[in-house]
Structure formats: C-alpha cells, structure tokens
2 protein chains.
Amino acid sequence: MPKRVDPEARRELVADAVIEEIAAHGIRSVTLARIAARAGLAIGSIRHYFGDTLREVMRFTMGVLMQRAARRATPLSDDPVARIVDVIAFVAPTSDQEHRENIALVEYRVMARTDPELAADIAATSFAAEEVIHSLLREALADRAVDEEALHREALLLLTLIEGFSFSSALSSASLHEKDIRAVVTATMHRLRDAYPPSDEAVEGAAGGPEADEQS
Amino acid sequence: MPKRVDPEARRELVADAVIEEIAAHGIRSVTLARIAARAGLAIGSIRHYFGDTLREVMRFTMGVLMQRAARRATPLSDDPVARIVDVIAFVAPTSDQEHRENIALVEYRVMARTDPELAADIAATSFAAEEVIHSLLREALADRAVDEEALHREALLLLTLIEGFSFSSALSSASLHEKDIRAVVTATMHRLRDAYPPSDEAVEGAAGGPEADEQS
DNA sequence: ATCTATTTGGCATGACCATGCTAAAAAATC
DNA sequence: GATTTTTTAGCATGGTCATGCCAAATAGAT
C-alpha cells in the first residue's frame, strides 16, 4: 500500500482507464470490473474515490473529457480566419490519445441524449463552443457587410463542419489528417469571406487593416 | 390469434418498435421485453421471427434503417448542384419518424464501431454513399478545371457536412430546418464551383450549357 | 504506543436479461 | 377428422453486474 494517495490523481487515472475502455469496446461495455482491470486497481480502490458508484466515475470522466477538449480548442493565432481554422482543426487528433478522447466524447454525447443529468452538463459546454464560433466569425467578417441572418447561417456551416469532423473521426479507425481538415476549412473560410463585399466602414478605415494585407 | 402472419410485415413492425425505443431511451436500453411492450406482442411472438435472438432483431432493424435512408437520399433533380443539395438535405427529417430514424441510425453507427459484424454491414453502405457524392461532385464540376486532389478535398467537405448534419440532428431534440440546410449547402456549392475556373473543354463546348445559364 | 484517518478489498444480494427449450393453441392442409 | 404447420407464449437457467455494506491493513497524528 503506498503512502497517501492524491485523490485527484487517482480520479484522473481512473478516468483514463474509462476512456481507454470506451475507445476499445464502446461505452456500453464499461463496468467497474473492466475499469479496475485497466487501471490495475481493485474495484474497492476505485469506488472509494467516487462515492461508491459507477455513475460518479462516468460523470467525472465526462467532465475530464470536456475540459481536455476545451483546452485543445483554444485558438493561438491572431488572424481571425486562422483562429477559426485552429479551433476546427482541434478535432484532428495529433496523437492516439486525442483520437481516443474524441471517440469517448462522441460516445458520451450520444449517451447524454437520453440522460438528462449528463445532457445538462454537456449543454453548457456546447453553448459555450457555439458562442466562441459566433464570436470568431464576427471577428473574421468584421470588415464585411454581413447581416445577422447570414452570420447565423455561416456559423451553422462552421458548427456543422465541426460536428462532422468530430463524428467521422470518432467512427473512423484512422484519425483524420490535420492537413486535410485545415485545407478544407481554410478554403471554406476564404470562400465565405469572398461571398460578402467589404463593408463601407472597412473600406474607409482600412488604411493598414487586414483588407490591405489580403490583397497583397 | 390472427390468421397467417406475414413474416416480413411482422419483422418490419418489430423493427419500428426497436427504432422507437432507441429514439426514446437510447440503444443501450433495447431489450426483448421493451421491444415486446412497444410492439404489443409477447417475447416469443417476436423471437420466432428472428431466429430466437435479440441480436438478429437488432441486425434486421439496422438493415431497415439503412434501406430507408438510402431511399430518402435518392436525388430527384436534374441539375448536378441541386442533386447534391437534395442528397445532403435528406438529413433534414421532414417528419418525426424520419428524425427518429436518423437518431437510431446514428446510435447504430456508434455501436457498430466496436462490433465487427455490424461494422461490415454499415461499411458497404458508407462506401456506396461516398461514391455517390464523388460522382455527383464530378458532374457538378464537369465544366471546371479541377484536379483529382482538389476533387477529393471538396468531396471531404461535402461528406463532412453530411456527417455534421446527421450527428447534430440526432443529438438535437428538435430536428434541423430543411430550409437552413438547403441554404447552407447551396451557398457552399456555388462558392465551391466559383473557386475553380471553367475548363477549356467546357468553354469550347458550352454553346448552350450550364455556363451560359449561370451568367444570366 | 495508541488512536484516528485513509486505503484496500471484496462479499452478498438483488435486479436484470438473453437464450435454450418446451408446449399449447390455432390455422392450414390432406 | 387427422395430421401438419404456424403462431403464441413463457419457464428455467445461467450469466452479468451495480451497490450496500463490512472489515482488515496501513499511514499519519498525537
């Protein structure tokens, strides 16, 4: 028996075992026994840290997945278009672990459809993600004449691409190529911008703005 | 006891009960008992028509879902762009039943990820669908100068949109609006076409072709 | 050394459910 | 009417697994 266990570390370790099991055999196969086998622990040694129930294990793991996804989706670029590409490209796992996490998250989302408690947890994250996309899109089209309805429709396009990449990536044994995703999204963004004329404000105030850069 | 039961009709009835149960409580909740309750039959009266096992019930139901989806996705228009819009818009259920069928199909696809037998059945359909999109895209871009790599990337865009609409529709309690989907896909297709210059052949042979129509 | 807190571990029980199998009832055929 | 086929129906059994609960071992505090 080791010294004092760090409860948070234990929970994280168990969550990773859950994720592995989901990725390998689907969320329906997750049991305490299987988690224990993967984590190299006895069932009791898991339950103790999760209020004794499998359900708490599952809820905690879902929380871990959502946190990790949010962390990966943080845009790094300054250019609004590139920020959107970054956010969407996060779906392209650059490692096996990220691929597995995406799979697990998709399985959770499907399960949450018919589980009100899980659904509530997920809804908050989904709402935040949509807000981010809307906001980024506003920035990317700040110099274009776009009405609210069109903005909404373009956001729908981007959000649908995100869902599509996430879903197809989860169903595919091989992860998507980040290069392909970036190419598709970048082309989509450029075409999207080109579909709207520069706005009067942008033309008047664009002495050294992105408009000049874009035509060079 | 009625007169002779039509086995096919019985199987279809049972499949519909499965679909209802999946839509209501998720695929993980499907049991013979619950199917029986929904179908208004005894368990034995179901098993008899499916080789006695729940698994056969589930496989048959998945087959039904795929057939129905394929039927709905048959394009009707002559215009290549509109055909693609039609195919993609099939994801927008025009009835509650179609919405439920989409949900069930998504849940099956997720389950099939970790079930080789189901995966094999689904793979054939997915492959066929991809071929259709590639083929339709070729037609839609027949008058444009597009190399194979670009064609592949554009197909990826469209396939991703299909997956995105299907997935988000399944997760959403309200079905997507067909109007929105058509608007998004139509705009995407027009921008996609505009991204490629007319090919030399098309210019020479387009005396009364789509190019003339498009500039009017 | 003693006491308390923490960790490990798993038993016992009840719930759930698939499936092998059987049989009775009803319809159809000869 | 007798026989065969079809349909209805569900019992019995074994397997799986979550969870309430208990207890021993170990670490840390006094």
Side-chain angles (χ1 to χ4, degrees), chain A residues 1-22 24-62 107-108 111-112 114-118, chain B residues 1-22 24-62 107-108 111-112 114-118:
Chain A
M1 182 186 297
K3 299 180 179 180
R4 285 302 144 100
V5 173
D6 173 11
E8 270 308 306
R10 169 61 56 88
R11 293 197 187 99
E12 200 93 7
L13 173 85
V14 170
D16 276 317
V18 174
I19 292 165
E20 301 295 318
E21 181 63 26
I22 293 175
H25 299 295
I27 206 166
R28 67 188 184 281
S29 82
V30 176
T31 62
L32 280 176
R34 292 209 187 85
I35 299 169
R38 283 187 181 270
L41 296 166
I43 292 183
S45 299
I46 292 172
R47 296 175 63 191
H48 177 77
Y49 294 90
F50 291 94
D52 259 350
T53 66
L54 172 63
R55 182 166 184 82
E56 289 303 315
V57 177
M58 299 303 284
R59 284 195 68 184
F60 177 82
T61 301
M62 187 176 79
E107 292 238 16
Y108 263 106
M111 184 167 78
T114 49
D115 184 323
E117 204 172 24
L118 297 184
Chain B
M1 183 185 296
K3 298 182 180 180
R4 285 305 144 99
V5 172
D6 173 10
E8 269 309 306
R10 170 60 58 84
R11 293 197 188 98
E12 199 92 6
L13 173 85
V14 170
D16 277 317
V18 174
I19 292 164
E20 301 295 318
E21 181 62 27
I22 293 175
H25 300 295
I27 206 167
R28 65 189 184 284
S29 81
V30 176
T31 62
L32 281 175
R34 290 209 186 84
I35 299 169
R38 283 186 180 272
L41 297 166
I43 294 181
S45 297
I46 291 173
R47 295 175 63 191
H48 178 76
Y49 294 89
F50 292 94
D52 258 351
T53 66
L54 172 63
R55 184 166 181 81
E56 289 303 315
V57 176
M58 299 303 284
R59 285 194 67 184
F60 177 82
T61 301
M62 186 176 79
E107 293 238 14
Y108 263 106
M111 184 166 78
T114 48
D115 184 322
E117 205 172 23
L118 297 184

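Throughout, protein chains are lettered first and strands after them, A, B, ... in sequence-line order, and every chain is numbered starting at 1. The shown structure was predicted, so the numbers you read here are calculated from the model rather than taken from an experiment.
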Requested in this report: Compare the minimum distances between each of C:dT8, D:dA27, C:dA18 and the side chain of A:Tyr49, then state the nucleotide with the smallest one.
Outcome: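 Per side-chain heavy atoms of A:Tyr49, the pick is C:dT8.
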
**Report entry** Contact check, side chains of A:Phe50 and A:Val14, non-hydrogen atoms, under 4.5 Å
**Finding:**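 Heavy-atom side-chain distance check passes, below 4.5 Å.
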
**Report entry** Whole angstrom value for the distance that separates P of D:dA18 from CD1 of A:Ile46
**Finding:**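 About 11 Å, once rounded to whole Å.
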
Query raised in the report: How does protein contact run along nucleotides 9-16 of chain D, one letter per nucleotide 5' to 3', with B for base contact, S for sugar-phosphate only, - for none, heavy atoms under 4.0 Å?
Result: BB------

Query raised in the report: Can you tell which of C:dA5, D:dT7, C:dT8 lies closest to the side chain of A:Val5?
Result: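 Of all the options, the side chain of A:Val5 is nearest to C:dT8.
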
Query raised in the report: Which of the following nucleotides, D:dT19, C:dT6, C:dA18, is nearest to the side chain of A:Thr53?
Result: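 Nearest to the side-chain atoms of A:Thr53, counting from C-beta on, is D:dT19.
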
Query raised in the report: Would you say B:Arg10 reaches D:dT8's phosphate, i.e. side-chain N/O to OP1/OP2 under 4.0 Å?
Result: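 The answer is yes; a side-chain N or O of B:Arg10 sits under 4.0 Å from OP1 or OP2.
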
Requested in this report: Let me see the working for B:Glu8 and B:Arg11 under side-chain contact (heavy atoms from CB on, under 4.5 Å), right down to the final yes or no.
Outcome: CA-CA 5 Å; B:Glu8 269 309 306; B:Arg11 293 197 188 98; 3.1 Å; yes

Query raised in the report: Just how far, in rounded Å, is P of D:dT6 from CZ of B:Arg4?
Result: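 Going from CZ in B:Arg4 over to P in D:dT6 covers 6 Å.
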
Query raised in the report: CZ of A:Phe50 versus P of C:dT7: gap in Å, rounded?
Result: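 It works out to 13 Å between those atoms.
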
Report task. Kindly indicate, with the supporting measurements, whether the criterion side-chain contact (heavy atoms from CB on, under 4.5 Å) is fulfilled by B:Leu13 and B:Leu41. Result -> CA-CA 10 Å; B:Leu13 173 85; B:Leu41 297 166; 4.0 Å; yes

Query raised in the report: Once you round it to whole Å, what is the distance between P of C:dT19 and CE of B:Met58?
Result: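 Atom-to-atom, B:Met58 to C:dT19, this comes out as 12 Å.
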
Requested in this report: Measure from CZ on B:Arg28 to C1' on D:dC17 and round the result to the nearest Å.
Outcome: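 Atom-to-atom, B:Arg28 to D:dC17, this comes out as 16 Å.
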
Requested in this report: Return the value, rounded to whole Å, for the distance between atom NE2 of B:His25 and atom C1' of C:dC16.
Outcome: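 Taking NE2 of B:His25 and C1' of C:dC16, I get 16 Å after rounding.
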
Query raised in the report: Any side-chain heavy atom of A:Ile22 within less than 4.5 Å of one from A:Val30?
Result: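 In contact.
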
Query raised in the report: Side chain of A:His48: nearest nucleotide among D:dT7, C:dT8, C:dT19?
Result: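 Per side-chain heavy atoms of A:His48, the pick is C:dT8.
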
Query - A:Leu32 side chain reached by A:Arg47 side chain, heavy atoms, under 4.5 Å - result: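 With C-beta onward as the side chain, the pair touches.
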
Report task. Would you kindly say whether A:Arg28 and B:Thr114 are connected by a side-chain donor-acceptor distance under 3.5 Å? Result ->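 Yes.
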
Query raised in the report: When you measure from the side chain of B:Tyr108 to the backbone N and O of B:Met58, does any donor-acceptor pair fall under 3.5 Å?
Result: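 Yes: the side chain of B:Tyr108 pairs with the backbone of B:Met58.
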
